Novice: 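Have a look at the structure that comes next, please.
Throughout, a chain's letter reflects where its sequence line sits, starting with A, and its residues are numbered from 1. Predicted model only: the values in this text are computed from it and were never measured.
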2 protein chains.
Amino acid sequence: MLGIGSTLIIRFMGIRIEDVAQATHVSTATVSRALRNLPGVGPTTKKRILETAEALGYIPSPTAASLASGHTHSIGLVQPDMSRWFFGKILESAENTFRKAGYDALVYSLPDYLGPVRQRFNANVLRGKIDALVVLSLFFDPSEEEQLRSLKVPVVFVSVEQPGFNYVGINDEETAARACRHLITLGHKHIGHLSGQTNDKCPVAPTQRRRNGWHNTMQRFHLDSSDDLVEAVTIMTASNGYIATQRLLDRRPDITAILASSDEMAMGAIQAIKERGLRVGHDISVMGIDGHDLSPSFGLATMAQPVSQEGTKAAQLALASITNQTEPKTIVLPTTLVEGPSIGPAPTS
Amino acid sequence: MLGIGSTLIIRFMGIRIEDVAQATHVSTATVSRALRNLPGVGPTTKKRILETAEALGYIPSPTAASLASGHTHSIGLVQPDMSRWFFGKILESAENTFRKAGYDALVYSLPDYLGPVRQRFNANVLRGKIDALVVLSLFFDPSEEEQLRSLKVPVVFVSVEQPGFNYVGINDEETAARACRHLITLGHKHIGHLSGQTNDKCPVAPTQRRRNGWHNTMQRFHLDSSDDLVEAVTIMTASNGYIATQRLLDRRPDITAILASSDEMAMGAIQAIKERGLRVGHDISVMGIDGHDLSPSFGLATMAQPVSQEGTKAAQLALASITNQTEPKTIVLPTTLVEGPSIGPAPTS
DNA sequence: CTGAAAGCGCTTACAG
DNA sequence: CTGAAAGCGCTTACAG
């Protein structure tokens with residue numbers, strides 16, 4: 001028995017389509033069609049092939065299939081930093097959607113800032129590896145956009161709108177405006193704003209739009225909207241929000257409310273306010289934007305965006321674009337005001 | 001001019017190694033060697049090839065290279081949920097390390113719990129796609145372990161130790177013990193413990209080891225370590241910590257300190273304590289484990305683990321194992337006690 | 001130091 | 001409904 005076995009050529013790499021074909025007495029072409037549910041295979045033949053493949057434990061080589069078909073069955077996800085809540089959340093829901101559809105998630109980190117400028121996007125790292133691409137919170141300049149197009153795969157932008165491409169996000173300006181109106185309704189007149197980096201090169205950045213939402217609302221209500229009510233940071237982390245709040249309160253001790261461009265900044269603001277011996281929600285109200293999972297624990301009021309849904313929608317859009325190349329779509333999802341003890345009526349000084 | 005151009009056969013897929021070979025008047029074998037810095041190519045020839053490849057903008061087809069060589073140059077990362085801080089943090093540092101080494105990161109989410117049991121690991125999704133695998137915070141049963149080994153690639157486990165495999169993590173029991181001793185030093189005698197899921201099937205789970213650390217320390221100091229001082233949850237989120245703390249304080253109002261098995265649970269505990277009108281750090285002290293980025297904003301004292309370093313080490317170990325198959329290694333990294341206003345001396349009742 | 005050729009394991013017109 | 005064969009674009013013994 002062993003003698004017979006040992007005379008067989010045992011292939012290290014496992015069962016190939018050829019082995020299934022021989023065992024079923026059909027051609028590899030027919031096996032290939034049967035396994036992929038393509039038309040043109042007799043029901044009896046198909047059943048036999050499927051059973052044999054199953055019995056042999058045949059798994060098609062993804063790499064060979066890719067080379068032959070030109071499709072990789074994986075989707076690229078480019079984003080600044082997986083360890084940040086927003087990106088992790090989007091990635092998770094997108095990955096789940098891709099997985100269900102039989103696609104792999106290839107994640108690339110492209111840090112926002114290394115020193116003064118962002119690292120540039122190089123499409124060659126992705127070339128030939130993906131069927132579609134999702135880009136999170138990154139704005140591409142013309143040369144990067146050209147790189148992107150040279151990949152010849154559909155692209156979906158999330159959070160930052162890139163003209164001419166698919167987009168999934170929220171109405172950032174209106175969201176910030178609504179938060180601002182809410183604070184005004186509570187009687188606040190001196191409302192500071194913690195912003196992310198804004199610059200002329202990216203007027204579509206969410207951080208710029210949120211700042212506009214604050215600014216335009218303050219103006220409409222004839223309230224102070226001068227620049228010294230704004231403190232901007234490069235990356236919207238809690239620790240940066242903490243530092244920015246200290247500067248803001250040093251400069252403008254008359255502030256009774258702060259609208260932060262992100263929940264994480266708002267958390268840092270809460271910390272800074274407490275350390276000054278002021279009461280959050282009484283002396284100074286704090287409102288965030290995002291709907292961070294930890295906001296309830298912070299007692300933070302916020303404008304929540306449907307983050308998971310954004311990831312899912314982006315993934316669905318990417319998948320749909322693989323099969324039917326259509327016009328770029330824009331999907332804008334609604335945000336929700338979430339109350340919390342971090343905000344209260346303006347103190348009657 | 002256009003006439004000449006249009007008579008050329010324009011290949012949609014781009015420049016192939018064949019094109020570079022023809023332009024350089026050498027064989028594709030030589031081009032292949034030159035481009036990969038293999039020995040046996042004359043310096044002049046090599047220079048010419050490199051320049052021509054550069055000029056033509058040649059990018060080797062990763063899929064063809066994989067099929068021919070048997071190496072994919074990508075690494076799988078299996079973990080429960082990218083949107084959770086710990087996993088995002090590890091993924092980010094691991095991805096950065098892989099990228100620098102020229103490897104892609106293929107991320108798979110395998111949810112811990114869907115209903116009562118975890119979804120099972122199926123190696124076939126990964127078969128033929130990766131050169132190595134990193135598994136985060138997942139414990140594999142014998143059948144899953146067999147699946148894993150059938151992939152024939154090196155595997156590194158992070159956070160949960162899997163006997164017989166590479167491992168990167170911390171000393172969970174000692175870390176919890178140290179936190180516990182610190183609280184005891186502050187005069188606390190009734191110390192509750194917020195735990196993750198523990199069960200007999202996984203005695204090596206960090207959550208079990210942390211619980212042991214608490215338990216053994218309480219015993220050594222002849223303090224109450226009974227089960228009703230422990231509240232366990234399935235997933236260690238802030239909201240689960242919030243609920244668990246309510247139950248814990250209802251049952252044991254004599255508690256003056258809580259050791260949470262994760263910072264996120266500790267954050268939920270802080271929220272629950274505040275809502276009862278008790279003062280965190282005065283009436284009840286709270287200590288976490290992990291070193292979450294948002295802990296400082298919470299004023300949370302914690303045992304910090306070097307999370308990014310764990311990801312980097314795991315990635316390095318995975319990369320090293322690809323080239324030299326060695327004995328499974330175990331890397332244990334140190335944790336650090338971080339003070340914060342969430343802990344204080346036991347109240348003198 | 002270099003090349004001709006087989007081979008990696010699939011898919012896809014094309015022909016029947 | 002099915003098959004023979006070319007082709008995807010590389011790498012790798014093997015031979016010189």
Novice: Report the residue (R33(B) or Y58(A)) whose heavy-atom-nearest nucleotide on DNA chain C is the more 5′ of the two.
Specialist: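 Taking each residue's closest nucleotide, the earlier one in sequence belongs to R33(B).
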
Novice: Give a yes or no on whether the backbone of P39(A) and the side-chain of R33(A) come within a donor-acceptor separation of less than 3.5 Å.
Specialist: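 Side chain of R33(A) to backbone of P39(A): no pair is present.
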
Novice: Using atom CZ of R48(A) as one end and atom C1' of dT2(D) as the other, report the distance to the nearest whole Å.
Specialist: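 Computing the R48(A):CZ to dT2(D):C1' distance gives 12 Å.
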
Novice: Using purine N1 to pyrimidine N3 plus N6-O4 or O6-N4 for Watson-Crick, or N1-O2 and O6-N3 for G-U wobble, both under 3.5 Å, which nucleotide pairs with dG16(C)?
Specialist: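 Checking every strand shown, dG16(C) finds its partner in dC1(D), with both distances under 3.5 Å.
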
Novice: Reckon T30(A) has a side-chain N or O less than 4.0 Å from the OP1 or OP2 of dT2(D)?
Specialist: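 Checking dT2(D) against T30(A), no side-chain N or O comes under 4.0 Å of OP1 or OP2.
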
Novice: Does a side-chain N or O of R36(B) approach OP1 or OP2 of dT12(D) to a distance below 4.0 Å, or not?
Specialist: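 Answer is yes, contact under 4.0 Å.
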
Novice: Provide, to the nearest angstrom, the distance between the CZ atom belonging to R16(B) and the P atom belonging to dC10(D).
Specialist: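 It is 8 Å, rounded to the nearest whole Å.
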
Novice: Rounded to whole Å, how long is the line connecting atom CD1 of I59(A) with atom P of dC8(C)?
Specialist: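 In whole Å, dC8(C) P lies 20 Å from I59(A) CD1.
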
Novice: From the set dT11(C), dT11(D), dT12(D), return the single nucleotide nearest to any side-chain atom of A68(B).
Specialist: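 Of the candidates, dT11(D) comes closest.
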
Novice: With heavy atoms under 4.0 Å as the rule, sort G42(B) into base, sugar-phosphate or nothing.
Specialist: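 The residue G42(B) makes sugar-phosphate contact but no base contact.
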
Novice: When the distance from CD of E18(A) to C1' of dA5(D) is rounded to whole Å, what number comes out?
Specialist: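 Roughly 13 Å, once rounded to whole Å.
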
Novice: Picking from dC10(C), dA13(C), dT12(C), which would you name as closest to the side chain of S69(A)?
Specialist: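 Comparing dC10(C), dA13(C), dT12(C) against the side chain of S69(A), the answer is dT12(C).
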
Novice: Looking only at the side chain of S61(B) (C-beta and beyond, no hydrogens), which of the listed nucleotides dC10(C), dC10(D), dC14(C) gets closest?
Specialist: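 Of the candidates, dC10(D) comes closest.
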
Novice: Can a donor-acceptor pair be found, under 3.5 Å and without considering hydrogens, that links the side chain of T24(A) to the backbone of V26(A)?
Specialist: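 No; zero donor-acceptor contacts below 3.5 Å.
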
Novice: Treating N324(B) as the side-chain partner and S321(B) as the backbone partner, does any N or O pair qualify as donor plus acceptor under 3.5 Å?
Specialist: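 Such a contact is absent between N324(B) side chain and S321(B) backbone.
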
Novice: Please work out if A65(B) contacts a base, only the sugar-phosphate, or nothing of the nucleic acid, heavy-atom cut-off 4.0 Å.
Specialist: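 Sugar-phosphate, no base atom in range.
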
Novice: Tell me, with the steps shown, if S109(A) and Q79(A) meet side-chain hydrogen bond (donor to acceptor under 3.5 Å, both in side chains).
Specialist: CA-CA 5 Å; S109(A) 288; Q79(A) 46 76 50; 3.0 Å; yes

Novice: Measure from the side-chain N and O atoms of R48(A) to the backbone N and O of P43(A), and report whether any donor-acceptor pair falls under 3.5 Å.
Specialist: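 No.
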
Novice: So if I take every side-chain heavy atom of A29(A) and compare against dA4(D), dG9(D), dA13(D), which nucleotide ends up nearest?
Specialist: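 So the side chain of A29(A) is nearest to dA4(D).
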
Novice: Return the orientation label for the F140(B) and F157(B) ring planes: parallel under 30°, perpendicular over 60°, tilted otherwise.
Specialist: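 If you compare the ring of F140(B) with that of F157(B), the planes turn out perpendicular.
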
Novice: Using a 4.0 Å heavy-atom cut-off across all strands, classify T63(A) as base, sugar-phosphate, or nothing.
Specialist: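 No contact.
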
Novice: A64(A) side chain: which of dG9(C), dG3(D), dT2(C) is closest?
Specialist: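 Ranking dG9(C), dG3(D), dT2(C) by closest atom to the A64(A) side chain puts dG9(C) first.
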
Novice: Of the nucleotides dC10(C), dT11(D), dC10(D), which one has an atom closest to the side chain of T28(B)?
Specialist: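 That would be dT11(D).
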
Novice: Please report the distance, rounded to the nearest Å, between NE2 in H73(B) and P in dG9(D).
Specialist: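 It is 20 Å, rounded to the nearest whole Å.
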
Novice: Round to a whole Å and report the spacing from NE2 of H71(A) to P of dC10(C).
Specialist: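 Spelled out: NE2 on H71(A) to P on dC10(C) is 18 Å.
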
Novice: What's the closest nucleotide to the side chain of P60(B) if the choices are dC10(C), dT2(C), dC10(D)?
Specialist: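 The closest nucleotide is dC10(D).
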
Novice: Of the nucleotides dT11(D), dG3(C), dC10(C), which has the atom closest to the S32(B) side chain?
Specialist: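 Between dT11(D), dG3(C), dC10(C), the one nearest the side chain of S32(B) would be dT11(D).
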
Novice: Under 4.0 Å between a side-chain N or O of T45(A) and OP1 or OP2 of dT2(D)?
Specialist: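 Result: yes.
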
Novice: Between dC1(C) atom C1' and K46(B) atom NZ, what is the distance in whole Å?
Specialist: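 It works out to 12 Å between those atoms.
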
Novice: Grab the CG-C1' distance between L67(B) and dT11(C) for me, whole Å please.
Specialist: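 Distance, rounded to whole Å: 12 Å.
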
Novice: Between G40(A) and V31(B), which residue's closest nucleotide on DNA chain D lies nearer the 5′ terminus?
Specialist: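 Taking each residue's closest nucleotide, the earlier one in sequence belongs to G40(A).
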
